[in-house]
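Quick caveat, the model's predicted, so the values are computed rather than measured.
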Number of protein chains: 2
Amino acid sequence: MRIGELSQRTGISQRALRYYEEQGLLRPSRRPSGYREYDPADLRTVRRIRMLLAAGLNTATIAEILPCIADDGQSRAPVCPELYAGLSRERDRINDAIDEFMAARAMLDAIIAAPQHLRSAGVSTR
Amino acid sequence: MRIGELSQRTGISQRALRYYEEQGLLRPSRRPSGYREYDPADLRTVRRIRMLLAAGLNTATIAEILPCIADDGQSRAPVCPELYAGLSRERDRINDAIDEFMAARAMLDAIIAAPQHLRSAGVSTR
DNA sequence: GTTGACTCTCACGCCGACGTGAAGCTTTAG
DNA sequence: CTAAAGCTTCACGTCGGCGTGAGAGTCAAC
C-alpha cells in the first residue's frame with residue numbers, strides 16, 4: 001500500500017509516517033517512481049510505534065526496540081541481549097510514570113468529590 | 001522564605017519557580033527590594049504543580065485547578081462548579097494515558113520475557 | 001566599604017514530534 | 001490529452017517547560 005492508505009488506516013499523518021522512516025522506525029520499499037510502498041505488517045508496526053510514543057519513549061529508543069518484536073509476528077528476533085538494561089530502565093520509568101499519574105488522578109478525584117460533603121444539596125459530580 | 005530556599009527544599013530550579021509565577025501558578029509577595037517572599041504553604045503548592053505536570057496537564061489547566069485545592073489545606077475553595085467538565089476531561093485523559101502506559105509496559109515485558117522460552121539456558125532477565 | 005552570596009529582569013536557546021506550505025513529478029479518471 | 005489526485009523532497013514554523021547567560025541591584029558579614 002502507499003502512504004495515503006497507510007495514513008488513513010492508522011490515523012497517522014503522512015508527515016508523521018515519513019518522519020518515522022527518517023528516524024529509522026519504518027523502512028518501506030520504493031517504486032520506480034519513488035513512491036513509498038508499505039507492507040501490510042507496517043500497520044501493526046505503526047500501532048506499536050504509537051503505543052511506545054504514548055508511553056514516553058523517544059524515536060531513538062523505539063528504533064532500538066522495534067527489531068526485537070519485528071516484522072511478521074512469527075519469529076521474534078533474538079532480543080538483542082545488550083538491550084535488556086535499556087528495556088528495564090524504560091520499564092521502570094513507565095512504572096514510575098503510572099504511579100505519578102495515579103497520584104494525580106487521586107488528586108483530581110479528591111477535588112471532584114470534595115463539595116459533596118461540604119455542600120448541603122446533592123450536586124451531581126458527573 | 002526566598003526563592004533559593006524554596007528551590008532547595010522542593011528540588012525545583014529557581015527558573016522553574018519564576019516560570020510558575022509567570023504562568024499564574026504561584027503568587028509570592030514581594031519585599032521592598034523586589035525579592036520574592038514565599039509562604040510555607042507554597043511548598044505543598046509546588047509539589048502539587050509537579051504532580052499535575054507529571055500527569056501531563058499544562059500550566060494553564062493547572063492554573064485553573066489550583067484555586068480549588070488552594071492555600072492552607074484547611075478550607076478547600078468552593079470548587080468552581082464550571083470546572084467540573086474540565087476536571088473530568090483531564091481525569092479521563094489520565095485514565096487513558098494509564099491504559100496506554102500499561103499496554104506499553106506489557107509490550108516491553110513480552111520482549112523481556114520472550115527469550116526465556118526461546119533459549120535453552122536460563123538467561124537472567126534482570 | 002567592599003566582598004561575596006543572593007536576587008532581580010530581560011531575552012535568546014533548546015528539544016522532539018511533528019504541521020505546513022512550496023515546487024515539482026506520477027498516476028488515475030474521463 | 002488533460003485535469004485532478006496523490007506522491008516526492010526540502011525546509012522553515014510551532015509549542016511548552018524550562019536552561020542559560022548577561023547585566024545590575026540587595027543584603028549580611030567582615
Side-chain angles (χ1 to χ4, degrees), chain A residues 1-39 42 45-66 86 90 93-94 97 100-101 104, chain B residues 1-39 42 45-66 86 90 93-94 97 100-101 104:
Chain A
M1 73 184 65
R2 291 177 307 180
I3 196 168
E5 186 181 347
L6 182 60
S7 172
Q8 277 190 353
R9 296 177 63 177
T10 58
I12 306 305
S13 73
Q14 304 188 9
R15 176 66 175 94
L17 293 175
R18 295 196 187 97
Y19 178 71
Y20 297 159
E21 180 182 3
E22 190 183 325
Q23 303 301 310
L25 307 184
L26 292 174
R27 304 191 175 283
S29 55
R30 296 295 183 120
R31 295 186 176 177
S33 61
Y35 282 21
R36 291 169 176 83
E37 181 67 26
Y38 291 94
D39 187 277
D42 288 332
T45 304
V46 169
R47 291 188 200 116
R48 291 197 191 104
I49 293 172
R50 292 257 92 189
M51 282 186 53
L52 295 173
L53 278 177
L57 282 71
N58 58 30
T59 54
T61 306
I62 297 177
E64 291 180 339
I65 291 178
L66 272 186
E90 287 299 335
R93 211 185 45 68
I94 290 178
E100 292 184 348
F101 270 64
Chain B
M1 73 182 68
R2 290 177 307 179
I3 197 168
E5 186 180 349
L6 182 61
S7 173
Q8 278 191 353
R9 295 178 64 177
T10 58
I12 307 304
S13 73
Q14 304 187 9
R15 177 65 176 94
L17 294 175
R18 295 195 186 100
Y19 177 71
Y20 296 157
E21 179 181 3
E22 191 181 326
Q23 304 301 310
L25 306 184
L26 291 174
R27 303 192 175 282
S29 55
R30 297 294 184 121
R31 296 188 175 177
S33 61
Y35 282 21
R36 292 169 177 83
E37 182 67 26
Y38 291 93
D39 188 276
D42 289 330
T45 304
V46 169
R47 292 188 199 116
R48 291 198 190 104
I49 293 173
R50 293 257 93 189
M51 283 186 53
L52 295 173
L53 279 177
L57 282 70
N58 58 31
T59 54
T61 306
I62 297 176
E64 291 179 342
I65 290 178
L66 272 186
E90 287 298 335
R93 211 186 44 69
I94 290 177
E100 292 184 348
F101 270 64

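- In this structure, CD of A:E22 is placed 14 Å from P of D:dC12, rounded to the nearest angstrom.
- Side-chain N/O atoms of A:Y20 include one lying less than 4.0 angstrom from OP1 or OP2 on C:dC18.
- In this entry the distance linking CZ of B:R15 with P of C:dA11 reads 13 Å, nearest Å.
- Of the candidate nucleotides D:dC27, D:dC7, C:dC18, D:dC7 has the atom lying nearest to any side-chain atom of A:Q14.
- Distance from the side chain of B:R18 is smallest to C:dT7 among D:dT8, C:dC18, C:dT7.
- Side-chain atoms of B:S33 lie closest to D:dT26 of the nucleotides C:dC8, D:dT9, D:dT26.
- OP1 or OP2 of D:dT9 sits under 4.0 Å from a side-chain N or O of A:R36.
- If you measure from atom CD of A:E37 to atom C1' of D:dT8, you get 15 Å, rounded to the nearest angstrom.
- Between B:E21 and B:R36 there is a salt bridge, since a side-chain N of the basic residue sits under 4.0 Å from a carboxylate O of the acidic one.
- Straight-line distance from the CG atom of A:L53 to the P atom of C:dG16: 13 Å, rounded to whole Å.
- Both A:A16 and B:G34 lie near DNA chain C, and the one whose nearest nucleotide falls closer to the 5' end is B:G34.
- Distance check, rounded to the nearest 0.5 Å: CG of A:L53 to CG of A:L25 gives 7.5 Å.
- Distance, A:Y19 OH to C:dA17 P: 4 Å, rounded to whole Å.
- As a whole-Å value, the separation of A:E5 CD from D:dC7 C1' is 14 Å.
- Ionic pairing of A:R9 and A:E5 is present here: one or more N-O contacts between side-chain nitrogen and carboxylate oxygen are shorter than 4.0 angstrom.
- Look at A:T59 and you won't find any side-chain N or O under 4.0 angstrom from OP1 or OP2 of C:dG16.
- For the pair B:S13 and D:dC18, the criterion of a side-chain N or O lying under 4.0 Å from OP1 or OP2 is not met.
- Atom CZ of B:R30 is separated from atom P of D:dC27 by 14 Å (rounded to the nearest Å).
- Regarding A:R2, its CZ atom lies at a distance of 18 Å from the P atom of C:dC25, rounded to whole Å.
- Nearest-nucleotide mapping onto DNA chain C: of A:R31 and B:I3, the residue sitting toward the 5' end is B:I3.
- You'll find a donor-acceptor pair under 3.5 Å spanning the side chain of B:Y35 and the base of C:dC6, going by distance alone.
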